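Accompanying notes for the structure given below.
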Amino acid sequence: MLRLHDTATGEVTELRHRTPGQVSMYVCGPTVYDAPHLGHGRFSLVFDVLRRYLLFSGLDVTYVSNITDIEDKIIERAASRGITPTELTDHFEAVWWEAMDALGVLRPDEAPHATDYVDRMVALITELMNRGVAYEASDGVYLSVLDVPGYGLLARQPLDSLRAGARVESAADKRSPLDFVLWKKAKPGEPTWESPWGRGRPGWHTECVVMSLDLLGDGFDLHGGAIDLIFPHHENERAQAVALGRDFAHHWVHNGWVTVDGEKMSKSLGNFTSLDDLLTRSDARAYRLLVLRSHYRSPIEVTPETVTDAESGLARLDEMARRFGLPDLLASGPVVDGAVAGSFDAEAVSRFRDRMDDDLDTPGALAGIFDLVRQANASADDGDEVAAGRAAGTVGLLAAALGLPLRGEVSTETDPVGADLVRRRDEAREHRDWTLADQLRDELMALGWVVEDGPEGTRIRRP
RNA sequence: GGCGGCGUGGCCGAGUGGUUCAGGCAGGGGCCUGCAAAGCCCCGUACGGCGGUUCGAUUCCGCCCGCCGCCUCCA
C-alpha cells in the first residue's frame with residue numbers, strides 16, 4: 001500500500017482510494033505563456049512516476065492536469081509580442097506537449113483548459129456569493145477567507161501570521177488583505193467573458209477547483225503540484241471547496257525545487273534553464289534519472305556535473321540492457337506488475353515496491369536496481385545465464401515501472417564507412433597487426449563511434 | 001517579524017541509537033584484454049559546531065553557526 005506525505009497533515013499516510021482499485025489524481029499544469037523550464041520538467045516527471053507506479057501496482061488511474069490559458073502573464077506577453085493571447089497559448093501549449101513527449105511523460109487522461117470552463121467558474125463564484133462568503137469589490141469579486149474555517153491549513157500557518165505578512169493590495173475595498181480574487185473586472189484590451197458582475201475574467205485559483213471537481217468528482221484522491229503552489233494557490237482552491245461545503249482532495253502532494261547554486265530556479269530570478277536547452281544537450285532519460293536519484297520532496301541541484309553524472313549512470317543501465325538484449329518494455333505503454341512476460345526476481349520486485357510504497361523512495365528503489373545490474377553482470381561473467389537473465393530482466397522491468405526505457409537493442413548500424421573500418425580492423429586483429437588495428441580504432445572513434453572488441457570481433461555503436 | 005526545511009566521505013545522494021552495508025559518479029589497486037572499452041573483485045572508516053541524555057549518537061534533546069524556502073506572481 002502506497003504511503004505518501006500529505007501536505008495537509010505534514011505526515012506520511014496511506015493514500016486512500018475513493019473507489020477500491022482506482023486512483024483519481026489532479027496535478028496543476030502549466031500556464032502556457034513561455035517555454036517550460038527544468039522545474040516544469042521535474043514536477044511532470046515526479047507525478048509521471050507516481051502515476052506509473054500506481055499503474056504498475058495494478059490500479060486504475062485517472063490523471064487530470066490542466067492547461068492555464070488565461071492569466072495576467074499571458075495577456076502581458078501576448079501584448080508585448082503583438083499577438084493575441086490565444087495565438088500565444090496555442091503556441092506554448094504545443095511546445096509544452098512536445099517537451100512532455102520528449103521526457104516520456106504520459107499524456108493526462110484529461111487536460112482541461114481554463115477558457116473552456118469559464119461558465120462553470122462563474123456558476124461556482126455565484127454560489128460562493130449566494131453563500132455569503134464572496135463579495136463584490138470595485139475591481140472584482142473576492143473570497144472572504146476569514147469566513148473559511150481552517151484557512152492556512154496547507155500553508156501550515158495561523159491566519160494571523162499570514163495576515164501579518166500579506167502585502168497591501170491595490171483594491172482598497174477588500175475586507176481582508178488575504179482575500180483573493182475570484183473574478184477580475186475587465187480592463188481595456190483584455191479578453192473578457194460575461195458575468196453577473198459585468199465582463200471580466202476568472203482569477204487563477206478558481207479554475208482548478210471547477211475542473212478537478214467536474215472531471216474527478218467530489219472527494220478525489222490526490223492533488224499535486226510543485227511546492228510553491230501550496231500557498232496561495234492550493235490553499236485558495238481548498239478554501240473555495242470548503243466554502244462550498246464540498247469534499248475536495250484527500251491527499252496533497254508537493255514536490256521540491258530545482259535549484260541552481262543552491263537557489264531556487266525561477267523565471268523571476270532569471271536563473272532558469274529551459275527544458276529544451278537540456279534536451280538538446282542530453283538524453284531526456286538522464287534527466288528522469290537525475291530527478292529519481294533524489295527524493296521528490298528534496299531540492300535537486302541541476303548542473304553540468306550532475307547531468308553528466310546521471311548520463312554515466314544511464315550508460316551503465318543501457319550497457320547492461322545491450323549485453324542482455326533487453327526489449328523496450330515501454331514501447332506499448334506503461335507496464336503493470338505481473339502482466340509482463342518473463343522471469344523476474346520476485347524478491348527484488350518486492351523490495352522495489354517496499355521502497356516506492358514508502359513515500360516514493362525512488363533513490364532507494366534505484367539503489368536496488370543498480371544492485372541488480374551488478375548481479376546480472378557478475379552472474380553472466382560466471383556463466384550463470386539463468387540468474388543473469390533473470391536479474392537483467394528485472395532491471396528492465398523496474399526501470400520501465402519508473403518510466404525509464406533502456407536501450408537494449410543490439411546495434412544494427414549499417415553505416416558503410418563504419419562497417420568497412422570494422423571489417424578492416426577485424427582483419428588487422430586477426431593478423432595481429434596491432435598498429436593498424438589501433439589506427440582503425442582511432443578512425444572509428446574520430447567518427448564518433450564507441451568501439452568494443454568482443455569474442456566475435458569488433459562492435460561499434462553510437463554513444 | 002511569523003512559519004518551515006536543510007547542512008553526510010572528491011561530487012551527487014539515501015539511511016540508522018551500537019556488530020557489515022545505501023546506491024550512483026569520479027578516483028586508486030587488481031582480474032580480464034594484444035592494448036583498450038565494457039564487466040567483475042577490492043579500497044574511502046563521512047555524517048556543520050558546542051553541550052546534554054545514554055554503557056554508546058551521524059541518528060534523540062538544547063543552543064549556536066551556515067544555507068535555503070514560504071508568508072507576493074512563480075513548477
Side-chain angles (χ1 to χ4, degrees), chain A residues 10 27-31 34 36-44 46-47 71-73 76 152 154-158 160-169 177-178 204 224-233 235 254-259 261-269 272 289-290 292-295 297-303 305-317 319-320 322-323 355 361-371 373-382 428-429 432-435 437-438 441-442 445 450-455 458-460:
Chain A
V27 176
C28 275
T31 301
D34 202 350
H37 59 60
L38 296 183
H40 296 95
R42 185 185 188 186
F43 95 76
S44 299
V46 163
F47 287 100
E71 206 264 335
D72 290 2
K73 286 201 172 71
E76 290 163 17
L154 292 177
R156 303 190 71 72
Q157 292 198 43
D160 285 348
S161 95
L162 286 172
R163 208 181 330 184
R167 185 183 288 178
V168 178
E169 298 276 341
L178 284 176
W204 178 38
I227 194 170
D228 59 331
L229 295 181
I230 293 173
F231 193 94
H233 186 52
E235 188 78 54
H254 295 97
N255 67 276
W257 298 116
V258 172
T259 60
D261 296 330
E263 285 196 323
K264 167 185 173 180
M265 172 181 290
S266 77
K267 290 183 182 174
S268 51
L269 291 176
F272 66 97
L289 191 60
L290 176 53
L292 291 173
R293 282 192 326 183
S294 302
H295 187 82
R297 286 191 279 122
S298 304
I300 57 169
E301 181 79 13
V302 181
T303 63
E305 288 72 31
T306 61
V307 171
T308 303
D309 200 68
E311 285 171 340
S312 300
L314 180 65
R316 180 167 161 79
L317 294 172
E319 190 64 43
M320 190 219 70
R322 254 192 308 278
R323 181 174 186 178
R355 292 329 316 140
D361 176 13
T362 55
L366 277 180
I369 289 175
F370 277 100
D371 268 338
V373 171
R374 187 184 43 74
Q375 284 175 35
N377 282 320
S379 294
D381 287 353
D382 292 346
R429 293 186 67 221
R432 307 195 146 257
D433 184 350
W434 308 128
T435 310
D438 288 350
R441 175 166 59 199
D442 289 343
M445 289 170 69
V450 174
V451 182
E452 292 175 335
D453 298 332
T458 292
R459 278 191 337 179
I460 57 169

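Convention: sequence-line order gives letters A, B, ...; per-chain numbering from 1. All of these numbers come straight from a predicted model, not from anything done at the bench.
The CD atom of A:E311 sits 15 Å away from the C1' atom of B:A26 (whole-angstrom rounding). Between A:R355 atom CZ and B:G23 atom P there is a gap of 14 Å when expressed in whole angstrom units. Across the protein-nucleic acid pair, A:R42 atom CZ and B:G13 atom P stand 10 Å apart, rounded to whole Å. Computed from coordinates, the A:R316 CZ to B:A37 P distance equals 15 Å when rounded to whole Å. Atom CG in A:D433 sits about 16 Å away from atom P in B:C35, given to the nearest Å. One interatomic measurement links the two molecules: CG of A:D361 to P of B:G15, which rounds to 6 Å at whole-angstrom precision. In this entry the distance linking NZ of A:K73 with P of B:C74 reads 6 Å, nearest Å. At whole-Å resolution of the value, CG in A:L154 and P in B:C71 are 14 Å apart.
Taking for each of A:R429 and A:M265 the nucleotide of RNA chain B with the nearest heavy atom, the 5'-most of the two is the partner of A:R429. Closest-nucleotide positions on RNA chain B for A:F370 and A:W434 were compared, and the one nearer the 5' end corresponds to A:F370.
Using atom P as the reference point in both B:U8 and B:G1, the two lie 26 Å apart (nearest Å). Between the C1' atoms of B:A57 and B:A46, the separation comes to 14 Å (whole Å). Nucleotides B:C40 and B:U45 place their C1' atoms 24 Å apart, quoted to the nearest Å. Across B:G4 and B:C64, the matching P atoms stand 16 Å from one another, rounded to whole Å. The separation of B:C67 from B:G51, taken at their C1' atoms, amounts to 23 Å, rounded to a whole angstrom. Distance check on atom P: B:G17 versus B:U59 gives 11 Å, rounded to whole Å. On the C1' atoms, B:C42 is 32 Å away from B:G48, given to the nearest whole Å. B:C61 and B:G29: their P atoms are spaced 44 Å apart (whole Å).
A salt bridge is defined here as a Lys NZ or Arg NE, NH1 or NH2 lying under 4.0 Å from an Asp or Glu carboxylate O, and A:R316 with A:E319 fails to meet this definition.
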For RNA chain B, the expected dot-bracket line (Watson-Crick or G-U under 3.5 Å, [ ] crossing, | inter-strand) is (((((((..(((.....[....))).(((((.......)))))....(((((..]....))))))))))))....
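Under 3.5 Å, the side chain of A:D453 and the base of B:C35 form at least one donor-acceptor pair of N or O atoms. With hydrogens and angles ignored, a donor-acceptor pair closer than 3.5 Å exists between the side chain of A:K264 and the base of B:C74. Judged by distance alone with a 3.5 Å cut-off, a donor-acceptor contact links the side chain of A:D309 to the base of B:G24. Scanning atom types as modelled, no donor and acceptor separated by under 3.5 angstrom connect the side chain of A:D228 and the base of B:G69.
Residue A:E319 is classed as a sugar-phosphate contact, given heavy-atom separations below 4.0 Å to backbone atoms only. Counting non-hydrogen atoms under 4.0 angstrom, A:P30 reaches nothing in the nucleic acid. At the heavy-atom level, A:N377 lies under 4.0 Å from the strands shown only through sugar-phosphate atoms. Nucleic acid contact class of A:M320 (heavy atoms, under 4.0 Å, all strands): none. As judged by a 4.0 angstrom heavy-atom cut-off over every strand, A:H295 is placed among residues touching the sugar-phosphate backbone only.
Side-chain contact of A:E305 with A:T303: a donor-acceptor pair under 3.5 Å is present, judged by distance alone.
In summary, of the residues considered (A:N255, A:L38, A:V258), a side chain to side chain contact (heavy atoms under 4.5 Å, CB included) with A:I300 occurs for A:V258 alone. Among A:I460, A:V450, A:V451, the one residue that satisfies the side chain to side chain contact (heavy atoms under 4.5 Å, CB included) test with A:M445 is A:V451.
Remark: A:R441 is not in phosphate contact with B:U33, judged by side-chain N or O atoms under 4.0 Å from OP1 or OP2. At B:G39, none of the side-chain N or O atoms of A:S379 fall inside 4.0 Å of OP1 or OP2 (strictly under the cut-off). The shortest distance between the side-chain N/O atoms of A:R293 and the OP1/OP2 oxygens of B:C25 is not below 4.0 Å. A close approach under 4.0 Å does occur between a side-chain nitrogen or oxygen of A:R374 and OP1 or OP2 of B:C41.
Proximity note for A:S312 (side chain, C-beta onward) versus B:A75, B:A26, B:C71: the nearest is B:A26. Here the side chain of A:E452 is nearest to one of B:A38, B:A75, B:G34, namely B:A38. Distances from the side chain of A:S298 to the nucleotides B:A14, B:C35, B:A37 place B:A14 closest.
Side-chain contact check for A:W257 versus A:D228: some heavy-atom pair is nearer than 4.5 Å.
How far CD of A:E301 is from CE of A:M265: 8.5 Å, rounded to the nearest 0.5 Å. Between atom CG of residue A:D438 and atom CG of residue A:D433 there is a gap of 9.0 Å, rounded to the nearest 0.5 Å. A distance of 11.0 Å separates CZ of A:R322 from CG of A:L317, quoted to the nearest 0.5 Å. Taken from CG in A:L229 to CG in A:L154, the straight-line distance is 11.0 Å, to the nearest 0.5 Å.
In this structure, A:F43 does not count as stacked on the base of B:A75 under the 5.5 Å centre distance and 30° plane angle limits.
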Run the side chain to side chain contact (heavy atoms under 4.5 Å, CB included) test on A:V302 and A:R42 for me, step by step, so that the C-alpha distance in whole Å, both residues' side-chain angles and the decisive distance to 0.1 Å come before the verdict.
CA-CA 11 Å; A:V302 181; A:R42 185 185 188 186; over 6 Å; no
